[in-house]
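Everything numeric here is computed off the predicted structure, so don't read it as measured data. Proteins get letters first, then strands, A, B, ... in listed order; numbering begins at 1 in each. We use all heavy atoms of the structure for the numbers below, so side chains are in, but hydrogens, waters and symmetry mates are not.
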Number of protein chains: 2
Amino acid sequence: MNIGEAATRSGVSAKMIRYYESIGLITPPARTAAQYRVYADDDVHTLRFVRRSRDLGFSLEETRELLALWRDKSRASADVKNLAMAHVRELEEKAAELKAMADTLRHLATHCHGDHRPDCPILADFAASAPTQAKA
Amino acid sequence: MNIGEAATRSGVSAKMIRYYESIGLITPPARTAAQYRVYADDDVHTLRFVRRSRDLGFSLEETRELLALWRDKSRASADVKNLAMAHVRELEEKAAELKAMADTLRHLATHCHGDHRPDCPILADFAASAPTQAKA
DNA sequence: CTTGACCTTCCCATCATGGGAAGGACTATA
DNA sequence: TATAGTCCTTCCCATGATGGGAAGGTCAAG
């Protein structure tokens with residue numbers, strides 16, 4: 001199949017498929033005489049794997065490791081689990097950070113009239129803020 | 001004061017201060033005869049404002065709007081509040097997305113032995129995954 | 001007058017993705 | 001068979017926010 005079909009079937013855009021090939025994440029497929037890339041069902045599987053990994057927030061480098069583990073039939077499941085759990089902690093940390101920002105901002109907004117009057121505690125807070133971490 | 005001191009006092013790196021100037025987020029400061037940038041206390045305030053805005057997850061474009069509202073003494077507080085609350089919703093959405101990824105992955109990891117054996121439900125899931133949104 | 005810490009501009013890299021141009025290949029239909 | 005339309009190819013550029021670093025000018029203290 002051509003790259004377009006592989007893209008549709010895997011959920012990875014043709015653009016990204018070429019990119020993944022260029023950085024060595026996936027192996028270059030065969031080519032027709034006219035240089036068209038030719039993919040097999042197995043390639044689509046790999047692309048779906050990558051897609052799934054990306055959807056779960058793994059970077060391309062992490063995805064590369066996961067692919068290696070996937071292909072290594074003798075890997076220890078502990079290796080995978082460790083990688084996964086480290087990632088879970090990162091995700092949860094980032095989620096908590098975003099939540100903290102939202103909470104702070106929501107709190108500030110609580111005290112803002114939100115009407116035609118100009119005074120606004122949100123901007124007041126911004127203006128009064130001290131440097132986060134400087135001038136120790 | 002020089003850019004270095006402005007950076008220390010505001011918590012914004014000198015690199016970023018120059019960048020913010022180049023994209024018109026902040027106004028170009030005066031220069032000495034030797035082309036050194038010269039900042040006043042007011043500029044440090046503005047930089048802190050930007051820093052605070054960034055720390056709360058606003059993009060530079062959003063920060064630009066906030067700065068405009070800040071400087072516009074006749075703005076309605078409702079305008080600020082709307083912007084802020086829209087941002088709160090975005091932040092919470094992103095946080096929820098990350099949390100969902102973490103939960104999914106944590107769930108998969110639960111079923112992974114995490115020992116020397118090779119079989120791993122995490123990779124199995126990745127491999128089996130259907131295209132997220134293609135081929136409707 | 002030298003040393004070292006500052007400043008200047010300019011270019012490059014990141015990460016993952018998309019846009020689009022210029023040109024070649026294939027397919028269906030008139 | 002000619003033509004149109006859709007696919008494919010490679011190549012370059014852009015994003016957003018930030019940092020790294022080079023090459024060179026400036027300033028203050030010794």
*State yes or no: do A/Ile26 and A/Tyr36 share one hydrophobic cluster built from I, L, V, M, F, W and Y residues joined by side-chain heavy-atom distances below 4.5 Å, directly or via other members?*
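A/Ile26 does not cluster with A/Tyr36.
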For [X] and [N], give me the distance from atom [atom1] to atom [atom2], rounded to whole Å.
| X | N | atom1 | atom2 | answer |
| --- | --- | --- | --- | --- |
| A/Leu60 | C/dA16 | CG | P | 4 Å |
| B/Met16 | C/dC7 | CE | P | 15 Å |
| A/Arg31 | C/dA25 | CZ | C1' | 14 Å |
| B/Glu90 | D/dG16 | CD | P | 14 Å |
| B/Asp55 | D/dT18 | CG | C1' | 14 Å |
| B/Met1 | D/dC27 | CE | C1' | 18 Å |
| A/Ile17 | D/dC7 | CD1 | C1' | 14 Å |
| B/Asn2 | C/dC7 | CG | C1' | 7 Å |

Using OP1 and OP2 only, check whether a side-chain N or O of [X] sits under 4.0 Å from [N].
| X | N | result |
| --- | --- | --- |
| B/Thr32 | D/dT26 | no |
| B/Ser13 | D/dG19 | yes |
| A/Arg37 | D/dT9 | yes |

Given [options], identify the nucleotide with an atom nearest to the side chain of [X].
| X | options | value |
| --- | --- | --- |
| A/Ala34 | C/dC26, D/dC11, D/dG21 | C/dC26 |
| B/Arg54 | C/dT17, D/dC8, D/dT18 | D/dT18 |
| B/Tyr20 | C/dC10, C/dG18, D/dT18 | D/dT18 |
| A/Arg18 | D/dT18, D/dC8, C/dT17 | D/dC8 |

*Report yes or no: is there a donor-acceptor pair, N or O only, under 3.5 Å between the side chain of A/Tyr36 and the base of C/dG24?*
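Yes, a donor-acceptor pair under 3.5 Å.
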*Could you tell me the separation between the NE2 atom of B/His87 and the OG atom of B/Ser59, rounded to the nearest 0.5 Å?*
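Answer for the NE2-OG pair, B/His87 versus B/Ser59, is 8.0 Å.
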*asked:* As an exercise, state the distance from CZ of A/Phe49 to CG of B/Leu123, rounded to the nearest 0.5 Å.
replied: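 Answer for the CZ-CG pair, A/Phe49 versus B/Leu123, is 5.0 Å.
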*Determine, stepwise, if the pair A/Asp41 / A/Arg9 fulfils salt bridge (Lys or Arg N to Asp or Glu O under 4.0 Å).*
CA-CA 9 Å; A/Asp41 287 345; A/Arg9 302 236 299 243; 2.8 Å; yes
*5' priority, DNA chain D, between B/Lys15 and B/Glu61 [closest heavy atom]*: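 The answer here is B/Glu61.
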*asked:* Test your reading of the model: is there a side-chain donor-acceptor pair from B/Ser77 to the backbone of A/Cys120, 3.5 Å cut-off?
replied: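 No; judged by distance alone, with no hydrogens or angles, the pair does not exist.
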_Here's a test of your reading of the structure: between B/Gly4 and A/Tyr19, which maps to the more 5' nucleotide of DNA chain C?_
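The answer here is B/Gly4.
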